[in-house]
Amino acid sequence: MALKSVPTRGRTLDHAALVYDLLEPVLLLGKQAEYDNHIVSLLGLKGAHRVLDLGCGTGVLTRMIADRLDAGGEAVGIDAAANMITVAQKKRASRNCRFEVMAAESLSYDAESFDAVVSSLFFHHVPLDLKEKALSEAFRVLGPGGRLVIADMHLPTTFMGALVSHVSRWFFMQPQIGENIRGVLPDLIEKAGFQRPEIIATYFGYIALFHTLKSHGSSHAN
Ligand SMILES: C[S@@+](CC[C@H](N)C(=O)[O-])C[C@H]1O[C@@H](n2cnc3c(N)ncnc32)[C@H](O)[C@@H]1O
C-alpha cells in the first residue's frame with residue numbers, strides 16, 4: 001500500500017525523493033562519506049543501541065548507523081515525506097534498520113526508548129516552533145545520558161559559507177534557513193533540557209556538527 005505523507009509546516013521533499021541521492025553528494029562537495037562518518041563517530045555507538053534519525057530523507061545515514069549495530073540494536077529513520085521513506089525502504093539492505101513516515105515534532109515513540117538521536121540537514125527545514133517541538137520530542141524519547149548529534153546550517157564561519165547560506169535562504173525562499181544562520185540552534189537545544197551543545201566541527205563554513213547529552217536526572221526546561 002502506498003505510504004501517505006504526514007501534515008507538517010516543515011518544508012518536506014516529496015518532490016525530490018527520486019533525485020535526492022544524486023543531488024546530495026554534489027551539495028556536500030564530494031565529502032558526504034567523510035561528513036556522515038564524522039556524525040556516526042560522535043554517536044558513541046554500542047552494538048545494542050537504539051538510534052533515531054530525524055528527517056532521514058532517503059536513509060543513507062540511518063543505514064550507515066544500522067551497519068555498526070548488532071542484532072540487538074536498531075536504527076530507525078523518520079521523515080514526514082512519504083516519497084523519501086518509500087525510497088529509503090526500497091534500498092534497505094540491513095537488518096535492524098527501519099523507516100517510518102512521521103513528523104519529528106510529533107513522535108509516536110515511548111519516552112526514553114532511544115540511546116541516541118541524530119539529525120542531518122533537517123532543522124533548517126522547519127520553522128522555529130517546530131524546531132523547539134522536535135528538540136523537545138528528541139529529549140523525551142532519549143534515555144538518561146542519551147546523546148544528541150545534529151549537523152545543520154549555523155552561523156557562517158567563512159565568506160563562502162555566508163554567501164552559500166544567504167543565497168540558499170533567498171533562492172529557496174526558506175526563512176527557516178535564516179533562523180539557523182542567525183545561530184538559534186544552541187539556545188533551542190539547551191532550552192529543550194539538554195546540556196549546552198558543543199560544536200565539534202564545521203563543514204563548508206556553514207554546517208556545524210553539534211554534540212550534547214541528556215544528563216542523568218535532567219528534566220525538560222519548559
Ligand atoms: C535536506 S533533507 C535531509 C535528509 C537527510 N537527513 C540527509 O542528511 O540527507 C531534509 C528532510 O527533512 C524532511 N522534513 C521536513 N519537515 C519534516 C518534519 N516536520 N518531520 C520530519 N521530516 C521532515 C524532508 O522531507 C527532508 O527529507
Side-chain angles (χ1 to χ4, degrees), residues 3-40 42-43 51-66 75-91 97-109 116-138 140-141 148-154 164-165 168-169 171-172 174-177 179-181 185 188 203-204 206-210:
L3 296 172
K4 271 183 71 179
S5 297
V6 291
T8 175
R9 283 181 290 108
R11 179 78 66 102
T12 52
L13 292 184
D14 267 315
H15 57 285
L18 291 178
V19 291
Y20 191 79
D21 284 347
L22 300 174
L23 288 179
E24 200 183 18
V26 178
L27 293 173
L28 294 178
L29 304 176
K31 286 195 169 185
Q32 188 175 7
E34 178 190 331
Y35 165 85
D36 283 338
N37 273 311
H38 200 165
I39 294 172
V40 175
L42 298 177
L43 289 169
V51 183
L52 178 63
D53 183 2
L54 303 177
C56 66
T58 58
V60 174
L61 179 65
T62 325
R63 269 191 309 278
M64 194 181 264
I65 294 165
V76 180
I78 64 109
D79 201 289
N83 289 349
M84 283 293 199
I85 293 299
T86 303
V87 172
Q89 288 179 338
K90 276 197 185 130
K91 294 193 307 184
C97 188
R98 191 154 58 84
F99 296 98
E100 297 195 87
V101 182
M102 200 180 294
E105 63 272 21
S106 176
L107 298 175
S108 68
Y109 305 115
V117 172
V118 66
S119 136
S120 159
L121 303 177
F122 154 71
F123 278 91
H124 72 271
H125 277 251
V126 291
L128 208 55
D129 62 315
L130 296 192
K131 291 186 204 325
E132 287 193 50
K133 282 196 179 137
L135 286 165
S136 166
E137 282 290 79
R140 183 182 67 77
V141 301
L148 175 71
V149 175
I150 292 177
D152 221 305
M153 298 179 82
H154 186 51
V164 170
S165 44
S168 322
R169 185 257 174 271
F171 182 77
F172 294 112
Q174 208 162 315
Q176 303 92 329
I177 292 179
E179 295 157 5
N180 274 57
I181 63 179
L185 282 178
L188 293 183
Y203 280 81
F204 318 118
Y206 67 97
I207 298 175
L209 256 61
F210 298 98

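Indexing begins at 1, ligand by ligand and atom by atom, following the structure's order.
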Residues forming a ring pair (Phe, Tyr, Trp, His ring centres under 6.0 Å) with Phe172, sequence neighbours excluded: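 Phe172: no ring pair (Phe, Tyr, Trp, His ring centres under 6.0 Å) contacts found.
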
Under the rule for ring pair (Phe, Tyr, Trp, His ring centres under 6.0 Å), what residues qualify as partners of Phe210, not counting sequence neighbours?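 Here the qualifying residues are His154.
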
Sub-4.5 Å side-chain heavy-atom contact between Ile207 and Leu121: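 SC-SC contact between Ile207 and Leu121 confirmed.
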
Note, Leu13 side chain near Asp79 side chain (heavy atom, < 4.5 Å):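 No, every pair of side-chain atoms sits at 4.5 Å or beyond.
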
Listed by chain and number, what are the side chain to side chain donor-acceptor pair (under 3.5 Å) partners of His124, not counting sequence neighbours? Asp152

Can you tell me if Glu100 and Tyr109 form a side-chain donor-acceptor pair at under 3.5 Å? yes

Between ligand 1 and the protein, find all N/O pairs closer than 3.5 Å and give the distance for each.
unit_1   : atom_1 : unit_2 : atom_2 : d
ligand 1 : 6 (N)  : Gly55  : O      : 2.7
ligand 1 : 6 (N)  : Ser120 : O      : 2.8
ligand 1 : 8 (O)  : Glu24  : OE2    : 3.3
ligand 1 : 8 (O)  : Ser120 : O      : 3.1
ligand 1 : 8 (O)  : Ser120 : OG     : 2.7
ligand 1 : 9 (O)  : Tyr20  : OH     : 2.8
ligand 1 : 9 (O)  : Glu24  : OE1    : 3.1
ligand 1 : 9 (O)  : Glu24  : OE2    : 2.7
ligand 1 : 19 (N) : Thr8   : OG1    : 2.9
ligand 1 : 19 (N) : Glu105 : OE1    : 2.8
ligand 1 : 20 (N) : Ala104 : N      : 3.0
ligand 1 : 22 (N) : Ala80  : N      : 3.2
ligand 1 : 25 (O) : Leu13  : N      : 3.0
ligand 1 : 25 (O) : Asp79  : OD1    : 2.7
ligand 1 : 27 (O) : Asp79  : OD1    : 3.4
ligand 1 : 27 (O) : Asp79  : OD2    : 2.6

